[in-house]
Amino acid sequence: MSFFGFDPTGPSSSRGLDDDQLETYNYEDTYEGLGDEGDDALNDETFGAASSNIGKDFDFTGGMGMKPAAPSQPTTQHISYAQAAQTDEILQPMASLWTDESKAATGERPTEPKILSLEEIEAKLRGNQPQQHLQMPPPPQQQLPPYMLLPPQIQQQILNAAVASGQFPNAAAAAQAMSQGFMPPPPPFNQGMMPPQFMPFPPQMAQQQMLNIPSQFNQGIPPMTQQQQPPVDASQQQQQQSQPPQQQQQQPPQQHQIPQQPKPQQHQNLKQQLLPSQDQQQARTEKRDVDFPVLGATKEEPGNHITPQEPQTLPQQQPQQQHQQQSQHQQQQNYRNNYNNSGNNGNNGNNRHHHFNQQQRQHQHQLQMQQQFESMTPEEREKFLTRQQKVSKITRCSGFMNPRDKDFVTRFQLSQIVTDDPYNEDFYCQVYKVLNSSIHENNMSSIAQKYLDQSGHRLGGRSKRADVALQRMQQQVSKAVTVAKERGERTGVLSREGALGKVSFGTGKEPRKQLVLKTKEESADAEDDYLPKEYSFSKSSRTFQLSIIENIYSQILKLESMERENQEFTTVELWKSLHLSDKMSTSSGEVIGPFISILSFDKMMKVFNRLFHFLTAEQKFQLIEYIFTNLQKIDVILKGSYKNYIQENYEVPEAVTKKIDLFQLTIMKTLVLYLSESKFQDVLRVLDVVISNNNVLFLSTTKLGLSLVTILTSRLELIKQEFAQSLSAQDLSQWQFVYDKLFQCLEGRLTTIFPPYLSNDESKKVKTSTSGADDSYIWQFLASLSLAGLLNHQRIIVDEIRNEIFGIMALAKTSNESGDVEKANKALGNLNLFLNVMGLKATENDISELS
Amino acid sequence: MSEITSTPVPSSEPLDLIKLCLDEQIFVKLRGSREMIGKLHAYDSHCNMVLSDAVETIYYVHDSQSGEIKSKTKKSEMVFVRGDSVILVTDAANV
């Protein structure tokens, strides 16, 4: 596209260099594929349907031939400037929110926010060139220091003072410095001037006004071309205007900046995107340069900053500047024609009207503020001005992003939040939602709502409705979700043709890696069973046990996530990870299975229930059998026996008691649940396994061992009594056989099941910190043992533990006497649990038959 | 029953050694002459860690002339250890 009638094919000195620099930027990586979408839906809207057909042969005179239009046509010009500048930028976001508009109905902008690819952005930058400078609505407050709005005589005073103070060589330099805000602000004055914030004219409006003023001023200021000048030549610009001979020198840079040469311009724009801070700054300065004279002209204040020579030099400048202005105007005209051609005439008119209203409102507002300012006291004004200065500082950088940029950034941020796999990546949030939300809410809208709330984002702005903003955000979210889904298939490492190494790219979940380690699969391919030495642990080592547990955990987590998603799963891997068929030797030389050894780790106990849940019925029984076979090898049970602590006065360490409690809450609970639903034969088999493979006498000295045996015997006896019909004679005789075996193991040594610290036998009992703890498990065992036994079994039991029974009765008596009725009742309750089985009942004084 | 032919390797990344210690007592050596022993609840790639029932031991020079070093201990029920101060992490059983 060409501007201002320059020949686009003309040679450019900086062209080659720019091209080189351009090549070095590759943003494919950082854009994360967000831009891999369709065409820009708004190109047509922006340029008219015929935009693609626009060539370089613009007719800048609007069909009037090559003859430049007469320079004395400011009134017609001013409409087109404002129009062209306003239509696009203001129209689009508004139009997208006006649902009754035909354009919004087509769903171009609001319903289908597009993401641009790099190429598209480039193309757009190229195509958008003429509009960009006009569109950009720079915050007006950034352009003028407040005192620039002071009346001319006061500004003149400041200037004089500044020059007198020796800060500046002459009045022109001082004026320049002041215009750029380099001068310390003077004390506030009160000549009825507007503070900068209440100069809401965007530059194009200023231009429009400017065009209404005497042409002398108008022509003294080339409105557009100066925008492109780098900030350094701000003062040169002034000189240029005042000193005609230098004009020729200034010409080349000016030409260079004119966006007629597509390549450098494109480069500059790209750079503007890539290096926002630098270029924003530049843009800011540029604007200041431009708007300063423009606003000055608007005020029609002669001599406040323009050096006295200026008017004299104007005639020489005129032709060129006229031409520039003219061509620009034609450009606008051209653009507008295109726009109208695209069939948006009605819309355009509507917008024009709207724009006009806005303009009027702004003007009224401005007047109002001016009046307010006049009526203020000096202190108030001072406050007011400082406040305005603060505000202008804050808002200095605002307005650089258009709605589309904001959309892009929003989507970029959202794409980091949303995930395709919420249960794995966002587990706690999901759980939290389940726990806290009684109302089932739409996922998209909740994310969008959350985002809006959290970011303090008002997409729609103050004047627009919040639900529209929410709706837009929901669309952004759904878009981001699809992108996230597509992204999920990528691995994060990309081999590109021509690249020397592998290109890695980061996401929020998976940051860019400094090192790309070979994955397990890759190394497995390379060498089948190769393991680095440091990862093969000795089989007895703690690290080995811990790694088994971690393996089990990862299997379980995998299965749990499959279960949540109702996928088919097999437990083969999990079963393998239990290492049930393996053996390892402990440090003491004993050979035990790894699974038994890890059962004593807290985290293994905690995961046992989750593990058990996934096993098949067959696997479950196998596991149960395995555990009961190796019962006395389980560390918790082994260490739980009071026999280990004879040296320590039977004081069981606290760590062990804690582990025992944990075992009861986790593994034993699971086992009890399983056994309480098991068949008679299975339970009988398990009991048989326990008795055959373990030292029952030793097991009975542990709380856990005794409890487990109690569970088995009571379950068997329960089934026998309730479902006797369903049991075969063989089952019953088998049970009798196993019971006899069990009883034989304990006969004569039944008192050993009472740990000394729980015993009430005077000759045996030991006082420890755990004395007086719950001994009900012992009485439960005795009860189940006597329940399953015959009368002679019961007699033997009572005979053996006679001392304990009387001990309990004595304890109950002393407790009652000392007023501790609760303790007495509890002790008697436990005793009666056992005695009731045999039809007896104990009080603190005697034992009687149960009535 | 067969002997184990290969030991399980959950993964071969360095931090997996810390993963093994989850829910176990670990020993952490920290900058500023500090050590900590506690149960590891969570960690991340920066070695940020959450420990429970942690005992922190701080060593300091009691007498600068004789170079006598003393230590204080501090107990915390639950503590977050920021990863940038971590020098060493190991199973407390190894210490």
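Computed from heavy atoms alone, side chains included, the values below leave out hydrogens, waters and symmetry copies. Here is the naming used below: chain letters follow the sequence lines, and residue numbers restart at 1 for every chain.
When all heavy atoms of Lys19(B) and Glu550(A) are compared, the pair lying nearest together is O-OE2, 3.2 Å.
Residue Asn551(A) holds its CG atom at 10.0 Å from CG of Leu20(B), rounded to the nearest 0.5 Å.
Along residues 79-94 of chain B, the residues that come nearer than 4.5 angstrom to chain A, judged on non-hydrogen atoms, are Asp91(B), Ala93(B) in order of number.
With Lys603(A) contributing its side chain and Glu24(B) its backbone, the two residues share no donor-acceptor pair below 3.5 Å.
Counting heavy-atom neighbours within 6.0 Å of Lys29(B) NZ, excluding the residue itself, gives a total of 12 or less. Heavy atoms from other residues, nucleotides or ligands lying under 6.0 Å from NZ of Lys659(A) number more than 12. Crowding of Glu654(A) atom CD: a count of heavy atoms from other residues, nucleotides or ligands under 6.0 Å not exceeding 12.
Each of Asp602(A), Ile549(A), Val607(A) was scored for a side-chain contact (heavy atoms from CB on, under 4.5 Å) with Asp23(B), with one residue passing: Asp602(A).
Within the structure, every pair that satisfies the salt bridge (Lys or Arg N to Asp or Glu O under 4.0 Å) test and touches residues 45-67 of chain B, not counting sequence neighbours, is listed here: Arg34(B)-Glu56(B).
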